[in-house]
Amino acid sequence: MIPDVSIIVPCYNVAAYVDSCLESLVRQTLRNIEIICINDGSTDETWTHLLRWKEKDSRIILLNQRNAGVSAARNAGLDAARGLYVGFADPDDYMDPEMYSRLFSAALEYDADIVECGNHVFEDSSDRLIEAKRRSPSRHFEENASPASFFRDSIWGKMDICVWSKLFRKSMLDAHRLRFNVHLKSGAEDETFRLMAVPHASRLLFIPDCLYYYRLMRNWQKQGWQNEGLFAYGVRKIRPFFVSKHPLFHQMTAVQQRSALDWWSLFYQKAEGKRFLSALSGRDRQLANLLNSAEPVPNGWGRILLAACSLLPGQKGRYYSCKKMLAEHFSQVCPNGFQKENASLEEPFDTSPPSL
């Protein structure tokens, strides 16, 4: 019998979490499903956990491959999937028991190509729901979506980038050979897949039910995603705050400046910046070193030299302008030098840039 829904779960070093995820999947009220778990070269006990679950529930299908990344794992799942619709679940999250029943019923009712639900966000350390991050879109159906309407209050632009809150019509994905780009990481693979899928989906549906529970944590750290690409991404993300023609740091209040620098300090430690510093481009490495060793404005000739260098054209001038800007900041808030020990390492870590 053809499954109603195929649920694809890419797994890499998630032994601490995958049991909770799979328990929520086998308890789904929609029984005619298949759960495709792809072990992406895990080096912990993930595969052992998957084998145990396979013994408990015959609907679980296991694939094993060398480590190739989440996109390659999802693609392997898509190639194996037989369901009318396809969903994706991250192995460190869990789902409401009625999630796929409600999504599938809504998809059938509206003959939707893509249907999306809302989601909760919970803390990794305490399981506490974070209401401020809860997402619950109002019910909305668009039966003639087209690229021309993307910027005209269309459901296109309102859909979340993440794939785990959606069901996709499998025949649509196969007809257009839609797969994840294996060269993209850090969330870009989800957004790119969505943007490839929606031009082929004319019937789009939101339902307001919050059915997916997303774990807010250092999941890139827990899942072994620490790599030079993640660190380089973080440096690029914060670069406009410090090194640009009109640096945002200069426009911030003192509190906002402190927040930006605390963000950097925490990110550098959590992303193991010391380990991956040499992988950065020359300018980004200079910025990282500058943020890690910023000191108050020097006296005498040092002050004059710094001011003169900040007037140089191009990237070199902007780099010295950044150095001068940071030095002036630390002269005001910490005349005896900047001490990074005040950054709390116990706070939940969020890779969002500091808000202006």
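Computed from a prediction, not measured in an experiment: that's the story for all the values here. Values below: every heavy atom of this structure, side chains too, minus hydrogens, waters and symmetry copies. Along the sequence shown, residues are numbered consecutively beginning with 1.
The CG atom of Asp40 sits 9.0 Å away from the SG atom of Cys11 when rounded to the nearest 0.5 Å. Note that CD1 of Ile161 and NZ of Lys166 are 8.5 Å apart. Values are rounded to the nearest 0.5 Å. With rounding to the nearest 0.5 angstrom, the CD atom of Glu131 is 14.0 Å from the CZ atom of Phe122.
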Donor-acceptor list for residues 94-101 side chains, cut-off 3.5 Å, not counting sequence neighbours:
| unit_1 | atom_1 | unit_2 | atom_2 | d |
| --- | --- | --- | --- | --- |
| Asp96 | OD1 | Glu98 | N | 2.8 |
| Glu98 | OE1 | Arg102 | NE | 2.9 |
| Glu98 | OE1 | Arg102 | NH2 | 2.9 |

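Taking 4.0 Å as the cut-off between side-chain N and carboxylate O, Lys170 and Asp174 count as a salt-bridged pair. For the pair Arg179 and Asp79, the salt-bridge criterion is met [side-chain N within less than 4.0 Å of a carboxylate O]. Ion pairing between a basic and an acidic side chain is recognised when a charged N comes within 4.0 Å of a carboxylate O; Glu116 and Arg135 show such pairing.
For the residue pair Asp113 and His200, the shortest heavy atom distance occurs at OD2-O, 4.5 Å.
By the ring-ring contact (aromatic ring centres under 6.0 Å, His included) test, His120 is found to be paired with Tyr213, residues two or more places apart in sequence or in another chain being considered. Qualifying side-chain hydrogen bond (donor to acceptor under 3.5 Å, both in side chains) partners for Arg134, counting only residues two or more places apart in sequence or in other chains: none.
The shortest distance between side-chain heavy atoms of Leu62 and Trp47 falls below 4.5 Å.
Checked against the 6.0 Å centroid criterion, the rings of Trp164 and Phe88 do not qualify as a close aromatic pair.
Side-chain atoms of Arg203 come within 3.5 Å of backbone N or O of Tyr110 as a donor-acceptor pair.
Of the N and O atoms on the side chains of Glu123 and Ser126, at least one donor lies less than 3.5 Å from an acceptor on the other residue.
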